[in-house]
Amino acid sequence: MNNKEFASELARRIGRNTKDTGKLISALVSEVSAQLSDENQINIQGFGVFDVKKKLERVAVHPSTRQRMLIPPRMEIKFKPSQTIKDKLK
Amino acid sequence: MDNKILLQELALGLSSRSGISKKDSDTFVRSFFEVIEQALVEDKIVKVKGLGTFKVVEVSGRESVDVNTGNRIHIKGHSKITFTPDPLIRDQVNRPFAEFDTVILNDGVDIEAMEAISNPLANEESVADELPVVEKVAGIADDSSVEEPIVEEPVIEKSVKEEPIVEAPIVEEPVIEKPDTEEPVVEEAVVEEPVVENQDIEETTTVSSAVDLAIEEPVDESLKTVRPVLGERVGVIKSTRNDSLETEPDEAEQDLEDLYRTLRPAWAVADATMPANIESAVADSLSNEPAKESLEDPSDVSDSEEAAPVESAPMENVPEEVLPEESTSKEVAPEEIAPVEPTPEEIKPEDASSEQSDEIPSKEADTMETTLEESSVEIVEDEVDSAQQPVESECVEPAESESVDDDYAQEDSSEVSDPNPASDSDPEPESQKEDLKAKYKRPSYSFRGSTEPEVSERKWLTTLLYVLGLIVCLVIGYVLGCNHVFCKEAPVKETPSPVVVPQQPLIENETEDDIVEGEPDPDAADPDEIVEAKPTYPQVNGGEYEIVGVKTIHAIKKGESINILARQYFGDMEMNVYIIKLNNLKRPDLVEVGQQIKIPELKRK
């Protein structure tokens with residue numbers, strides 16, 4: 001399901017038009033993004049947890065050139081699905 | 001920060017952002033995730049713009065071990081949900097580390113140190129953790145393609161608590177100012193002002209204190225606090241610069257005084273016809289400041305040409321006997337200026353101190369300017385610090401050459417008045433001048449290779465050294481080359497050598513007939529041959545065996561090592577030294593599969 005389909009399905013569900021839903025989606029995404037940038041964890045019951053984890057810097061070796069590179073530390077978003085949704089898939 | 005946000009909170013945030021009611025936004029958020037769930041079940045993939053992509057991935061079953069019991073277990077195939085964030089949100093979250101980039105490491109970097117430090121932190125992955133401290137700069141800093149902040153950041157990361165450490169070196173200074181990973185802006189600002197060394201220590205404490213505050217604050221606020229600090233820092237820089245400029249003019253006059261006094265004795269070459277004023281002034285200054293002389297030998301001063309032409313025209317009025325006695329006319333100018341000074345002042349021995357400063361009229365200041373150029377030259381030689389400031393004052397007070405003529409005209413009149421004191425002071429200035437000359441010859445900024453014989457001697461020595469070094473290098477190269485692989489052909493494998501060898505007697509016979517009457521010397525190296533007739537092998541020092549040839553060439557198989565080969569061919573692992581020597585292995589423990597190893601033919605000594 002791509003973005004458009006998702007938006008239209010969501011619009012259908014909540015009873016608004018697609019355009020408004022699109023705006024709402026963007027607003028929600030911004031909210032999520034802001035919360036994650038503040039290093040907060042977002043826990044959606046029955047769905048999963050969005051977490052921000054810090055990855056330390058590491059030394060990587062380029063396989064062909066054998067050059068050693070230092071990859072800087074990063075903050076990454078991790079999603080951990082909840083048991084409910086995992087069961088739904090099975 | 002480090003909070004758990006629930007759906008309700010998310011809905012609240014959404015309602016405030018979008019303006020819909022809390023109830024509606026709550027419904028919306030719930031529906032949002034339900035749709036995703038449903039879509040995952042149905043389509044296995046859902047893409048939400050701005051957020052990311054949820055995918056269902058099938059994992060096949062695998063054999064494994066039960067962690068508790070240790071029994072073998074079959075893990076069934078199952079599906080798992082993966083989430084790949086959109087670049088937008090990914091970058092947003094990674095903002096603290098946004099400036100970082102991967103850096104190519106040079107070989108000198110010590111990795112173990114990094115890993116040792118990072119290991120205790122590996123368990124905690126929350127953001128507030130201290131960053132690993134990587135202290136080694138040398139290797140990484142060589143990469144010129146990487147920007148300065150990026151190089152420093154991954155390399156030198158101090159933990160948040162370590163900020164107050166104030167260190168002078170510039171390299172670490174920007175890091176100190178940005179100890180917290182939440183302030184990428186600081187890095188850029190710091191890069192822009194790399195040269196502020198003097199104010200560093202004051203400012204780092206200011207910044208670090210500001211940063212201390214910033215640590216506890218969330219990212220946005222910390223950035224805000226940083227900016228005013230930077231502004232303050234900039235302000236500090238500017239103010240100090242202005243100060244330094246402003247102080248100069250104030251001190252300039254005083255320094256002009258000092259300079260003036262130093263200049264005076266320069267033209268101590270006494271001339272009977274020279275106006276007494278000049279000479280008395282010379283005597284005075286000489287007696288007071290024999291040590292201050294840098295004016296000594298004008299021939300040694302190279303930069304006096306500027307002053308010379310200026311002075312040369314008005315010099316005509318000056319007694320011409322002065323000119324031939326000195327190599328350049330430059331010195332005359334200061335001499336002329338000197339008499340100006342005595343006229344307003346009493347001709348008495350003066351202290352080296354600056355009591356004259358009050359009495360100098362403005363015209364002297366003018367004359368001073370013209371002499372500044374020469375004085376600047378002399379200052380270079382002079383070790384008196386105060387003398388340096390007049391150089392700067394040149395910028396502040398541009399020399400007015402128009403006043404030169406007037407000044408000289410005035411000096412002429414004053415020169416005539418006192419001829420008598422001159423004669424007495426002549427011998428003194430002479431001898432003192434000699435001393436000064438001697439001193440001048442020990443300059444702090446002397447032209448390298450100051451005297452002729454020294455120069456040629458040194459050059460000769462250096463060229464000799466170079467030639468010797470070159471010869472040594474050539475010899476070493478030759479010796480090494482002799483032992484090079486290419487020179488030593490294994491008799492077993494080489495196809496060229498069988499071709500060459502049979503030719504050898506043919507060639508040799510021919511040449512022998514022509515050149516040498518004796519028997520052909522099989523040991524003589526034939527220039528036509530690539531391979532030496534009797535190749536020499538590297539020998540193991542102190543070894544009981546001599547390497548006389550190559551027995552065979554062994555290709556390494558998997559699991560084999562040099563030691564194993566030694567045992568295989570010689571019955572003893574200790575014999576590996578011969579194998580290593582023959583093959584010139586730098587890392588005998590790092591042989592590769594398929595590598596051709598020459599097995600030496602050994603002969604007991």
Side-chain angles (χ1 to χ4, degrees), chain A residues 1-3 5-7 9-10 13-14 16 21-50 52-60 67-79 81 84-86 88-90, chain B residues 1-7 10 13-14 17-18 20 27-29 31-33 35-37 39-41 43 45-51 56 78-79 81 83 85 88-90 92-97 100-105 111 114 118 121-122 125-127 129 131-132 140 153-154 218-219:
Chain A
M1 178 183 274
N2 66 6
N3 203 39
E5 290 173 22
F6 174 78
E9 173 64 28
L10 186 55
R13 275 217 185 190
I14 63 171
R16 290 177 190 256
T21 318
K23 283 189 198 164
L24 285 176
I25 290 172
S26 317
L28 181 59
V29 167
S30 317
E31 180 64 24
V32 167
S33 172
Q35 291 291 354
L36 289 176
S37 302
D38 285 345
E39 296 140 32
N40 294 328
Q41 202 185 59
I42 300 179
N43 188 346
I44 309 290
Q45 274 286 1
F47 187 71
V49 178
F50 290 93
V52 181
K53 296 236 172 97
K54 187 179 85 175
K55 285 204 164 172
L56 305 171
E57 65 179 357
R58 58 194 168 90
V59 179
Q67 188 122 36
R68 291 208 316 206
M69 304 188 293
L70 188 69
I71 293 176
R74 285 168 209 260
M75 304 257 259
E76 287 195 354
I77 304 170
K78 277 193 109 174
F79 172 67
T84 343
I85 196 171
K86 281 201 264 189
K88 281 196 188 164
L89 288 174
K90 289 184 181 165
Chain B
M1 193 131 137
D2 289 343
N3 295 331
K4 268 201 172 179
I5 306 290
L6 296 176
L7 192 146
L10 214 56
L14 172 65
R17 269 182 201 254
S18 60
I20 60 176
T27 323
F28 176 80
V29 176
S31 314
F32 183 90
F33 288 107
V35 170
I36 295 179
E37 233 178 272
L40 275 175
V41 174
D43 297 341
I45 182 167
V46 184
K47 185 165 187 277
V48 178
K49 190 171 177 192
L51 185 62
V56 178
H78 55 279
S79 28
I81 302 171
F83 170 66
L88 278 161
I89 195 173
R90 189 186 61 201
Q92 172 81 356
V93 171
N94 198 35
R95 210 155 33 96
F97 292 100
F100 288 61
D101 208 358
T102 63
V103 170
I104 304 225
L105 289 180
I111 300 300
M114 259 169 43
S118 64
L121 303 175
E125 289 188 339
S126 67
V127 178
D129 276 347
L131 296 173
I140 293 177
E153 274 301 330
V219 179

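In what follows, chains are A, B, ... by sequence order, proteins preceding strands, each numbered from 1.
Residue with the most contacts toward chain B among V29(A), L36(A), T21(A): V29(A) (heavy-atom pairs, distance under 4.5 Å). Counting heavy-atom pairs closer than 4.5 Å to chain A, the top-ranked of the candidates I89(B), L40(B), L7(B) is I89(B). Interface remark: of the candidates I25(A), N2(A), V49(A), I25(A) forms the most heavy-atom pairs closer than 4.5 Å to chain B. Contact count against chain B (heavy-atom pairs under 4.5 Å) is highest for S33(A) among S33(A), P81(A), G48(A).
Side chains of K49(B) and F6(A) form no contact here, defined as non-hydrogen atoms less than 4.5 Å apart.
Contact annotation for V56(B): only side-chain heavy atoms (C-beta onward) come within less than 4.5 Å of a heavy atom of chain A. In this structure, chain B has no heavy atom under 4.5 Å from any part of S26(A). With a threshold of 4.5 angstrom between heavy atoms, R13(A) approaches chain B through side-chain atoms but not through N, CA, C or O.
Separating the NZ atom in K88(A) from the OG atom in S79(B) is a distance of 14.0 Å, to the nearest 0.5 Å. Taking CD1 from I85(A) and CD1 from I81(B), the interatomic distance works out to 4.0 Å, rounded to the nearest 0.5 Å. Atom CD1 of residue I14(A) and atom CD1 of residue I20(B) lie 7.0 Å apart, to the nearest 0.5 angstrom. Expressed to the nearest 0.5 Å, how far CG of N94(B) lies from CD1 of I77(A) amounts to 9.5 Å. Rounded to the nearest 0.5 angstrom, L28(A) CG and L51(B) CG are separated by 8.0 Å. Annotation: the span from R95(B) atom CZ to M75(A) atom CE amounts to 9.5 Å, rounded to 0.5 Å.
Note on ring orientation: taking the six-membered ring where Trp is involved, the planes of F47(A) and F33(B) are tilted (angle from 30° to 60°).
No side-chain donor-acceptor contact under 3.5 Å links N43(A) to the backbone of L6(B).
Heavy atoms from other residues, nucleotides or ligands lying under 6.0 Å from CD of Q45(A) number 12 at most.
Listed here is the closest heavy atom pair of L14(B) and A27(A): CD1-CB, 3.4 Å.
Qualifying side chain to side chain contact (heavy atoms under 4.5 Å, CB included) partners for Q35(A), counting only residues two or more places apart in sequence or in other chains: E31(A), N40(A), I42(A), I5(B), L10(B). For S30(A), the side chain to side chain contact (heavy atoms under 4.5 Å, CB included) test picks out R17(B), with sequence neighbours left out.
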